[in-house]
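Worksheet for the structure shown next.
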Amino acid sequence: MSDKNKRELVVSAIENGTVIDHIPAGEVYKVVKILSLDMYEDEVLIGTNLSSKKYGKKGIIKVKNKFFEENDVNKIALIAPNATLIVIKDYEVVEKRKLEIPSTIKQIVKCINPNCITNIEDNIETNFTVVDKDPLKLQCHYCEKTMTNIRFNE
Ligand code: CTP
Ligand code: ZN
């Protein structure tokens with residue numbers, strides 16, 4: 001068996017769905033959690049501490065029959081900015097994109113300021129400007145508070 005085939009057997013190929021590759025090994029379960037993949041009812045393949053030439057150790061998540069919306073893609077980018085998102089159709093790679101942290105983040109992140117209007121009123125979506133990407137630093141559009149530890153809205 002060729003080395004490539006052997007490697008592919010580590011986490012088997014999927015027919016249709018999304019592969020999130022090159023996740024830092026320590027962030028795999030965080031990605032599982034923010035995407036609520038523990039509740040997903042189709043197949044989910046998770047590999048962690050896999051050896052990778054580029055990254056030392058990496059994680060990978062393959063989700064059968066799932067194509068993520070932009071909000072979810074941005075969540076992945078905030079946790080694993082160097083991950084690659086791969087869309088698979090009929091066993092073929094049809095799209096491969098390197099994730100990027102967007103310049104503004106709406107709705108998915110919670111403001112840490114308890115007095116912020118977004119935490120008081122139910123109908124105001126959060127809105128942050130990314131002031132620094134590495135390490136990540138966000139500023140709330142409403143209360144102007146900056147934060148480095150991000151929490152996601154449920
Ligand atoms: N993949 C998959 N199911 C398929 C096709 C591909 O799960 N039907 C996965 C592969 O296991 C790999 C990723 O999608 O993790 C990208 O596939 P491919 O571009 O073929 O792999 P590489 O050339 O190894 O990609 P890279 O060098 O970017 O890691
Ligand atoms: Zn705020």
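Start at 1 and go down the list; that is how both ligands and their atoms are numbered.
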Proximal candidate to atom 12 (C) of ligand 1 [heavy atom criterion; set Ile88, Val93, Asp21, Thr84]: Asp21
Can you tell me, to 10 degrees, how wide the angle at the Zn ion (ligand 2) is between SG on Cys111 and SG on Cys143? 100°
Taking 4.0 angstrom as the limit and counting only heavy atoms of Ala13, give me the atoms of ligand 1 inside it, by number and element. 2 (C), 3 (N), 4 (C), 7 (O), 8 (N)
Go through the side-chain N and O atoms of Asn16 and Asn65 and say whether any donor and acceptor fall under 3.5 Å apart. no
I'd like to check which ligand 1 atoms, numbered from 1 as shown, lie under 4.0 Å from a non-hydrogen atom of His22. 28 (O), 29 (O)
Mark up the atoms of ligand 1 that fall under 4.0 Å of a heavy atom belonging to Ile60, in ascending order. 15 (O)
Between Asn71 and Lys106, do the side chains contain an N or O donor and an N or O acceptor separated by less than 3.5 Å? no
Is the shortest N/O to N/O distance between Tyr91 and ligand 1 below 3.5 Å? yes
Is it the side chain (CB and beyond), the backbone, both or neither of Val11 that lies under 4.0 Å from ligand 1, heavy atoms counted? neither
Is Thr18 reaching over with its side chain to a backbone N or O of Lys66, donor-acceptor style, under 3.5 angstrom? yes
Sidechain N-carboxylate O distance under 4.0 Å for Asp21, Lys58: yes
Checking heavy atoms under 4.0 Å, the part of Glu15 that sits near ligand 1 is neither
Do Gln107 and Asn153 have side-chain N/O donor and acceptor atoms under 3.5 Å apart? no
Would you check if the Zn ion (ligand 2) lies under 2.8 Å from any N, O or S atom of Cys116? yes
Salt bridge or not for Lys75 and Glu27, using N-O below 4.0 Å? no
Atoms in ligand 1 with a heavy atom of Lys62 nearer than 4.0 Å: 2 (C), 7 (O), 9 (C), 11 (O)
Under 3.5 Å: donor-acceptor pair, side chain of Thr126, backbone of Val109: yes
